[in-house]
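The structure appears right after this line, and notes come after that.
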Amino acid sequence: MTRKQKNQQQHTQRQNDQPQNTHPINNQGLNTQRPSAGERYYLGVDVGSVSTNLVLLSENGEVREAHYLRTQGRPLEMIQKGLADLARRYADEQIGGVGTTGSARSLASVVLGADVVKNEITAHAVAAGQLVPGVRTILEIGGQDSKLILLRDGVVSDFAMNTVCAAGTGSFLDQQASRLQLPIEEFGGLAEQADHPVRIAGRCSVFAESDMIHKQQMGHALPDIIAGLCEALVRNFLNNLGKGKTLEAPIVFQGGVAANAGMKRAFEKALDHPVVVPEHHKVMGAVGAALLAREAVQRASGLTRFKGFAMASEDVRAGSWECGDCPNLCEVIEIVESERPIARWGDRCGKWENSLSVIQTERAAEAAAELQQG
Amino acid sequence: MKVTFPHMGNMDIVVKALLEELDLEVIPPPPITKRTLSLGVRYAPESACLPLKINIGNFIEAAERGADTVVMAGGIGPCRFGYYNQVQREILVDMGIDLRMVVLEPPDNHIGELLNRIKVLTGAHSWWRVIKAIRIAYVKCQALDDLERQASRLRCRELNRGDVDRLYQSGRDAIDAASSVKEIRQCRDDALTRMAALPLDHALRPVRIGIVGEIFTVLEPYSNGFMEKSLGRLGVEVSRSLYLSEWVNEHLFKGILPVKGHHRTRKLAAPYLSCAVGGHGQESVGGAIEYAQEGFDGVIQVGPLTCMPEIVAQSILPQVEKDYDIPILTIYVDEQTGDAGLMTRLEAFVDMLERRKQRKEQAAR
């Protein structure tokens, strides 16, 4: 056998006995199910730094359920809590597919058995494109990050994400609201009563806060100060992310902060254009993940990898250690479900990751054998 | 004299070869780890850029192992790097670490100046020995660059994750151990052949991304969050605008060797940025244009936070983006090691390029 043939043989063999990540169906070899004929929903989960959102989307793209939970630094618990809420009203067979996004998207995908794992930018763009057809500019402000996404002909053509600064994000607004002992929901409404917004330094949250305090001590009215703060945050957003970009209408404003009427008005003033806040602005990431899941499942001829609502009460834990096998000293993270490791990541060489895929292949083989016997 | 030097990509192997050929005792700094970074961040000025911080960490760790002399490059022009060796020496002296600094600066007009500086280290060796040492080091440098180029090209095609990196690593070790020009070339050829023989997806038509930016953050994978590897795993063929051998040839040898230089790159940048702004500002602009002309799908600019030359380039790149219709993503790096944010940006960028590519292909049909 020539070397080339040998390679080809190895190549096909490997393809056969090792599940590929890109393979649309079931790379874990477990829990594949075909949903029943009844109405099916797509589960989208967005686990961010501040909020964990779950959305159920119907086959034709309508939002049936939208859960908005605070992550509180405990993503695993919150995913399970959200799942438990849904488990009361829905059965496993009704879930046609699962998509995850947000900074804890890999974690969520392992717990749920996701059909697609996507970054927030793509998820937000997909959701806005569906709910606001023809959108060309997306302003998104979440808890810890802000994004500017430009679309042309329905495709992302440019984007920016805040890099080094959280001065223009939801957490800072939250913090100011609590300092003023105002519920965050009333914060934006107050800004609308302003007749003369005060100028506040917006480059950095530390400057902004001390400037705000100074203006308060000088006797400016609260609505004026709050409106000034909103304008400062908008300036910060546009300076940070809008550099050299042309923002064209229609413009959509989404993310948790979009609920704030003062921010919406400040954007409209700065951009001199109406700004649309979609109904589900808080959970757009999850909507996008669900839409992407629908797409992925269609490609996989209707098969989903969803592990079922039972996962809500499963004992899932995360642990980590520092691998000392080479000078990289990678922090390896392991997700354990009922004493079985189900995922590992963080190692640069792939040693731990790959060791698990071997276990998975073995388990997939066992499962297949059981199925044949049964 | 026990000599050490800062890390930058594969430079440890090259400098080690050079110094060992000259019979010097070499103590390379241990590989860059979180400890290196923590030491650097602790003792460097807060607003200094990442290369300085990592260098300081390298020197401290090398001094712990007994090094007493540092060889490092200097620089000219508006980039702060030019005076880093002095700043670093002062910081180390303050800490009570007494390291002698030998600075290799680009020669002002003749290569003899560089040879003279190296001579400080070599003492009694004949010029012939010095030139032989430089040759061995340079051949190693080129061989390592060839391996890196191949690895960045093939990583997206590997069917078993990690194959390419394993072979790259073993090839790197072999070149490190090789002692003659012939042996080095043999090691390189072996590694390249073995990489090509891996189970690869030859049908893949990947998105191609070019990386431009500041030299340290482009060459040193630890500093950029192992960006090339991450992109490869996202299915991207990566090319880099800058390799060590090219830089050595241009800056230390005044371009006398027949290696691809950056004359053309700077020429391309001229309509946008006609003078040197220090560092690799001009090359970043020119490099982006070069990649656009070569039909790449996107460009990523990498630089350390607060790097002035890269900020100048960044402010010009949106115009290049428009004129040449190629998306450009700028990423600044600093001491942050949580890579979720970096991965999100890379993934979103790759997603965007893939969709664009599909669109273009559909339109062409």
Side-chain angles (χ1 to χ4, degrees), chain A residues 3-4 6-15 18 20-22 49 101-106 117-126 144-145 147 149 152-164 243-246 322 326-331 346-351 353-354 357, chain B residues 30-36 159-163 165-166 169 196-202 221-222 226 229-230 233 235 305-306 314-319 321-322 325 327-334 336-341 343-356 358-359:
Chain A
R3 185 145 91 193
K4 198 176 168 195
K6 212 169 172 176
N7 274 335
Q8 264 174 352
Q9 201 195 19
Q10 270 177 355
H11 178 139
T12 40
Q13 238 170 25
R14 280 188 171 124
Q15 263 188 333
Q18 201 168 41
Q20 296 299 308
N21 274 340
T22 48
S49 53
T101 186
S103 43
R105 56 184 178 277
S106 329
V117 185
K118 271 286 174 204
N119 61 85
E120 304 90 291
I121 292 166
T122 308
H124 275 285
V126 166
Q144 272 299 312
D145 54 19
K147 307 175 196 84
I149 308 170
R152 298 293 173 265
D153 311 317
V155 174
V156 178
S157 70
D158 200 358
F159 68 85
M161 202 170 165
N162 66 335
T163 41
V164 291
K243 269 179 266 184
K245 303 192 198 309
T246 324
E322 198 175 75
C326 85
N328 275 336
L329 303 178
C330 301
E331 267 169 28
D347 49 335
R348 303 216 183 277
C349 67
K351 186 182 114 184
E353 249 178 59
N354 292 346
S357 75
Chain B
I32 303 175
T33 59
K34 261 171 247 148
R35 178 165 186 265
T36 319
L159 292 175
N160 299 316
R161 192 180 244 208
D163 269 358
D165 283 310
R166 261 190 296 283
Q169 191 55 43
L198 284 171
L200 298 168
D201 180 358
H202 292 285
Y222 187 90
F226 299 85
K229 204 186 263 190
S230 307
R233 290 185 169 185
L305 188 67
T306 73
Q314 186 195 7
S315 64
I316 293 168
L317 287 174
Q319 195 56 46
E321 204 168 13
K322 272 187 208 114
D325 189 30
I328 302 170
L329 176 72
T330 299
I331 286 178
Y332 285 115
V333 295
D334 201 15
Q336 194 178 29
T337 51
D339 41 35
M343 279 312 293
T344 300
R345 286 173 181 85
L346 294 183
E347 217 188 292
F349 192 59
V350 173
D351 261 2
M352 177 177 115
L353 297 182
E354 270 169 1
R355 296 216 173 192
R356 260 177 71 108
Q358 277 169 14
R359 279 279 167 114

- Message: Could you tell me if the side chain of B:T344 sits less than 4.5 Å from the side chain of A:R105, heavy atoms only?
- Response: yes
- Item | Euclidean distance, A:I121 CD1 relative to B:E347 CD, rounded to 0.5 Å |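 If I round to the nearest 0.5 Å, the distance is 9.5 Å.
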- Item | Partner set under side-chain contact (heavy atoms from CB on, under 4.5 Å) for B:E354, not counting sequence neighbours | B:V207, B:V350, B:D351
Is it the side chain or the backbone of [X] that comes within 4.5 Å of chain A heavy atoms, both, or neither?
{"X": "B:R233", "value": "side chain"}
{"X": "B:Q319", "value": "neither"}
{"X": "B:F349", "value": "both"}
{"X": "B:Q169", "value": "neither"}
{"X": "B:L329", "value": "side chain"}

- Query: Which atom names give the shortest non-hydrogen contact between B:A348 and A:N119, and what distance separates them?
  - Reply: CB-OD1, 3.3 Å
- Item | Which atom of A:T246 lies closest to which atom of B:K322, heavy atoms considered | OG1-CE, 4.5 Å
- Task: Report the option among B:R356, B:R355, B:K34 that has the most heavy-atom pairs separated by less than 4.5 Å from atoms of chain A.
- Result: B:K34
Would you mind writing out the side-chain donor-acceptor pairs for residues 153-161 of chain A within the sub-3.5 Å range, not counting sequence neighbours?
unit_1 : atom_1 : unit_2 : atom_2 : d
A:S157 : OG     : A:L150 : O      : 3.4
A:D158 : OD2    : A:K245 : NZ     : 3.2

- Item | A:K147 versus chain B, the contacting section by heavy-atom distance below 4.5 Å | neither
